[in-house]
Protein chains: 2
Amino acid sequence: MFHLLGGTARFNEIRRRVPDVTQRMLTNQLRELEADGLIIRKVYPQVPPKVEYSLSPLGRSLEPVLLALKTWGDANIDLFAQPSDEALA
Amino acid sequence: MFHLLGGTARFNEIRRRVPDVTQRMLTNQLRELEADGLIIRKVYPQVPPKVEYSLSPLGRSLEPVLLALKTWGDANIDLFAQPSDEALA
DNA sequence: CGGTATCCAACAAGATACTG
DNA sequence: CAGTATCTTGTTGGATACCG
């Protein structure tokens, strides 16, 4: 959902921004969010297919939560970072 | 973690506040939070046993997130409520 | 009181191949 | 491009019994 805060995004666009997510799982998650009414899935009937995802009003109502979470994550990113070669050098 | 915002709580106290959680799962979750450094588990060596849980400094740093989430939940509680007999009457 | 230990059915999810 | 379908393994969590 973070990636939809800025507006709409296409499937592979989201996928590129979330490395290590399989296509299957991303599809599942997006469908679940849609079923929960948090995001909107808009299909453009054209070839090649184009599908745009965006936050629904309910999804946007979560913005404060998402931002609070992002703030925390940014402040504590070192907790998740693996010690890199460079950091050790 | 919500239930630790106010201070410390004992095992069965938390359990009572989270209906439908099995003992096994609550134990698992608490141990995981402890392993992640988010809560502190304090055991009092006495009979009968007494174990108190509280937020660690890192856990407390999540307070803004937890509160944002709670605010959202309170505002949207109707989304989760099952239609009761009374509401239908 | 606050757990463990064990068993087991159900579900989740990776890999892979295929499609309009 | 944005998915499905299928197979297969791994993990989750409920039920139940027991413990210091």
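Being a predicted model, the structure only gives us computed values, none of them experimental. The chains referred to below are lettered A, B, ... by the order of the sequence lines, with proteins before strands, and numbering in each begins at 1.
Each end of the helix from C/dC1-D/dG20 to C/dG20-D/dC1 gets its own axis from five base pairs, and the two axes differ in direction by 60°, given to 10 degrees.
Scanning residues 8-16 of chain B for heavy-atom distances under 4.0 Å to DNA chain C yields B/Arg10, B/Phe11, B/Asn12.
Note that the OG atom of B/Ser54 and the CD1 atom of B/Ile40 stand 4.5 Å from one another [nearest 0.5 Å]. How far CG of A/Leu38 is from CE of A/Met1: 5.0 Å, rounded to the nearest 0.5 Å. Taken to the nearest 0.5 Å, the CG atom of B/Leu69 stands 10.0 Å off from the CG atom of B/Asp74.
Between B/Leu30 and B/Ile39 the shortest heavy-atom distance is O-CD1, 3.4 Å. When all heavy atoms of A/Pro64 and B/Ala68 are compared, the pair lying nearest together is O-CB, 4.3 Å.
Surrounding CG of A/Asp20 are at most 12 heavy atoms belonging to other residues, nucleotides or ligands under 6.0 Å away. In A/Lys50, the NZ atom is crowded: over 12 heavy atoms of neighbouring residues, nucleotides or ligands sit closer than 6.0 Å. Annotation for A/Ile77: atom CD1 does not count as buried by contact number, only 12 or fewer foreign heavy atoms lying within 6.0 Å.
Atom P of nucleotide C/dT4 and atom CG of B/Leu30 are separated by 11 Å, given to the nearest angstrom. At whole-Å resolution of the value, CD in B/Glu52 and P in C/dG3 are 12 Å apart. Atom P of nucleotide D/dG13 and atom CZ of B/Arg31 are separated by 16 Å, given to the nearest angstrom.
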Considering only nitrogen or oxygen atoms on both sides, find all protein atoms under 3.5 Å from nucleotides 14-20 of chain D and state each distance.
residue	atom	partner	partner atom	Å
D/dG14	OP2	B/Thr22	OG1	3.0
D/dG14	N7	B/Arg24	NE	3.2

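A close approach under 4.0 Å does not occur between any side-chain nitrogen or oxygen of B/Tyr53 and OP1 or OP2 of C/dC1.
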Please list, one pair per line, the donor and acceptor atoms closer than 3.5 Å that link side chains of residues 3-15 of chain B to other protein atoms, with sequence neighbours excluded.
residue	atom	partner	partner atom	Å
B/Arg10	NH2	B/Pro49	O	3.3
B/Glu13	OE1	B/Arg10	N	3.0

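Both B/Thr27 and A/Asn28 lie near DNA chain C, and the one whose nearest nucleotide falls closer to the 5' end is B/Thr27.
Applying the side-chain hydrogen bond (donor to acceptor under 3.5 Å, both in side chains) test to pairs two or more places apart or on separate chains, those with a residue in residues 26-46 of chain A are A/Arg41-A/Tyr53, A/Tyr44-A/Glu52.
Within the nucleic acid shown, B/Tyr44 has no heavy atom closer than 4.0 Å to any nucleic acid atom.
Remark: A/Arg60 engages no residue in a salt bridge (Lys or Arg N to Asp or Glu O under 4.0 Å) (not counting sequence neighbours).
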